[in-house]
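Structure first, commentary second.
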Amino acid sequence: MAGVRAERRERTRAELVAAGRRLFAAKGYASVTLAEVVAEAGVTKGALYHLFESKAALFRVVLEQVQREVGETVARTADAEAEPWDRLLAGCRAFLAAANAPGIQRIMLVDGPAVLGWNEWRALDEESSARHLAEALDELIAAGVLDRQPVEPLARLLSGAMNEAALWLAASGDPADLERAQAALTRLLEGLRAR
């Protein structure tokens with residue numbers, strides 16, 4: 001009996017997270033009500049409050065899911081390359097492509113920092129894709145491809161640049177801008193190579 005309840009609880013939780021993700025992506029956090037979420041998920045408000053203490057708590061789980069998916073996409077794309085430099089380029093370009101999806105942009109880059117606050121958002125970002133960037137930079141420095149330097153400030157600068165580019169892409173509406181942003185990012189990264 002306990003196994004059935006746990007399974008039902010997990011299914012309800014997954015339905016709420018999926019419904020919240022669809023609504024947050026389509027309308028933005030501020031425009032979504034919990035009544036809409038439970039209607040979309042087909043569950044009661046009591047079920048929602050049993051699993052999530054607030055709309056912000058539900059949003060945090062959605063954001064974690066989105067950031068984890070983006071991080072996995074970046075890592076998978078980068079890991080497909082044999083050379084460390086090619087892994088960095090592929091991973092950074094994959095981040096811009098993944099973050100270019102409208103639902104991803106709104107949840108991860110627009111509403112995420114606004115709803116959770118910068119420090120909590122940054123901690124989640126660190127768990128997902130930012131650590132991959134730092135690892136890639138460490139590897140390139142160890143291989144002599146990049147000059148020896150502290151990794152953390154470089155990783156934060158590059159992460160900030162990519163997040164800003166993703167926000168710019170969100171506002172642009174021109175599909176060709178993704179390729180332009182990726183080309184600019186490649187030129188920026190090329191400038192970091194050891195001479």
Side-chain angles (χ1 to χ4, degrees), residues 9-38 40-41 43 45-78 88 91-138 150-171 181 185:
R9 175 186 161 105
E10 193 51 42
R11 186 173 50 248
T12 300
R13 184 180 189 280
E15 289 166 355
L16 285 164
V17 170
R21 183 172 177 168
R22 285 189 299 274
L23 290 166
F24 293 141
K27 299 174 69 173
Y29 177 83
S31 297
V32 173
T33 67
L34 290 178
E36 289 174 296
V37 173
V38 296
E40 175 89 7
V43 302
K45 227 178 206 183
L48 182 138
Y49 282 119
H50 182 69
L51 295 165
F52 300 99
E53 67 184 36
S54 64
K55 182 169 86 167
L58 172 62
F59 179 81
R60 187 182 199 289
V61 172
V62 168
L63 176 60
E64 287 172 341
Q65 182 183 71
V66 166
Q67 286 190 316
R68 185 174 48 256
E69 289 172 7
V70 169
E72 288 168 357
T73 297
V74 168
R76 187 174 48 254
T77 303
L88 176 68
C92 289
R93 292 172 62 88
F95 173 81
L96 283 182
N100 194 41
I104 301 293
Q105 290 168 341
R106 173 170 266 165
I107 291 169
M108 188 171 79
L109 299 172
V110 176
D111 287 343
V115 173
L116 298 183
W118 181 253
N119 288 335
E120 188 173 353
W121 179 87
R122 185 72 185 119
L124 290 175
D125 183 54
E126 192 69 34
E127 291 173 21
S128 58
S129 56
R131 70 180 167 81
H132 297 298
L133 178 58
E135 290 166 3
L137 294 172
D138 269 331
V151 169
E152 187 171 348
L154 181 58
R156 290 186 184 271
L157 284 166
L158 291 175
S159 179
M162 287 186 284
N163 286 338
E164 282 296 319
L167 287 169
W168 172 72
L169 288 167
L185 178 61

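One is the number of the first residue; the rest follow in order along the sequence.
Here the shortest heavy-atom pairing between Leu133 and Ser159 reads CD2-N, 3.9 Å. Minimum heavy-atom separation, Met108 to Leu63: CA-CD1, 3.6 Å. In plain terms, the two heavy atoms of Leu96 and Met162 that are nearest each other are CD2-O, 3.5 Å. For the pair Ala25 and Gly103, the tightest heavy-atom approach, listed with the atom from each and the gap, is CB-CA, 3.6 Å. Nearest approach of Gly91 to Val74, heavy atoms of both residues: O-CG1, 3.5 Å. Taking all atoms of both residues into account, the shortest heavy-atom contact from Asp111 to Phe24 is OD2-O, 4.4 Å.
Leu16 is not listed as a side-chain neighbour of Glu40, based on a closest heavy-atom distance of 4.5 Å or more. Contact of the Leu167 side chain with the Gln105 side chain is not registered, since no non-hydrogen atoms from C-beta on lie closer than 4.5 Å. For the pair Val43 and Val37, the minimum side-chain heavy-atom distance is 4.5 Å or more. Side-chain atoms of His50 and Arg9, non-hydrogen and from C-beta on, do get closer than 4.5 Å to each other. Proximity of Val115 to Arg60: side-chain heavy atoms (C-beta onward) are nowhere separated by under 4.5 Å.
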Output, in order, the C-alpha distance, side-chain angles, deciding distance and verdict of side-chain contact (heavy atoms from CB on, under 4.5 Å) for Leu34 and Phe52.
-> CA-CA 11 Å; Leu34 290 178; Phe52 300 99; over 6 Å; no

Is there a salt bridge (Lys or Arg N to Asp or Glu O under 4.0 Å) between Arg68 and Glu64 once you walk through the steps?
-> CA-CA 6 Å; Arg68 185 174 48 256; Glu64 287 172 341; 5.4 Å; no

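For Ala101, the side-chain contact (heavy atoms from CB on, under 4.5 Å) criterion is met by Ile104, not counting sequence neighbours.
A salt bridge links Arg122 to Glu126: one of the charged nitrogens lies within less than 4.0 Å of a carboxylate oxygen. Contact check on Arg21 versus Glu69 returns a salt bridge, with a Lys/Arg side-chain nitrogen under 4.0 Å from an Asp/Glu carboxylate oxygen.
Using a distance-only test at 3.5 Å, with no hydrogens or angles considered, no donor-acceptor pair links the side chain of Arg13 to the main chain of Leu51.
Glu164 CD: 12 or fewer foreign heavy atoms inside a 6.0 Å radius.
Interatomic distance, Leu158 CG to Leu137 CG, rounded to the nearest 0.5 Å: 6.0 Å. Within the model, atoms NZ of Lys27 and CZ of Arg22 stand 13.0 Å from one another, a figure rounded to the nearest 0.5 Å. Summarising the geometry, atom CZ belonging to Arg131 is positioned 11.0 Å from atom CG belonging to Asp125; distances are rounded to the nearest 0.5 Å. Residue Gln67 holds its CD atom at 12.0 Å from CD of Glu72, rounded to the nearest 0.5 Å. The distance from the CG atom of Asn163 to the CG atom of Leu109 is 5.0 Å, given to the nearest 0.5 Å. Here the OH-CD1 distance, from Tyr29 to Ile107, works out to 12.5 Å after rounding to the nearest 0.5 Å.
In this structure, a donor-acceptor pair under 3.5 Å is present between the side chains of Thr33 and Glu36.
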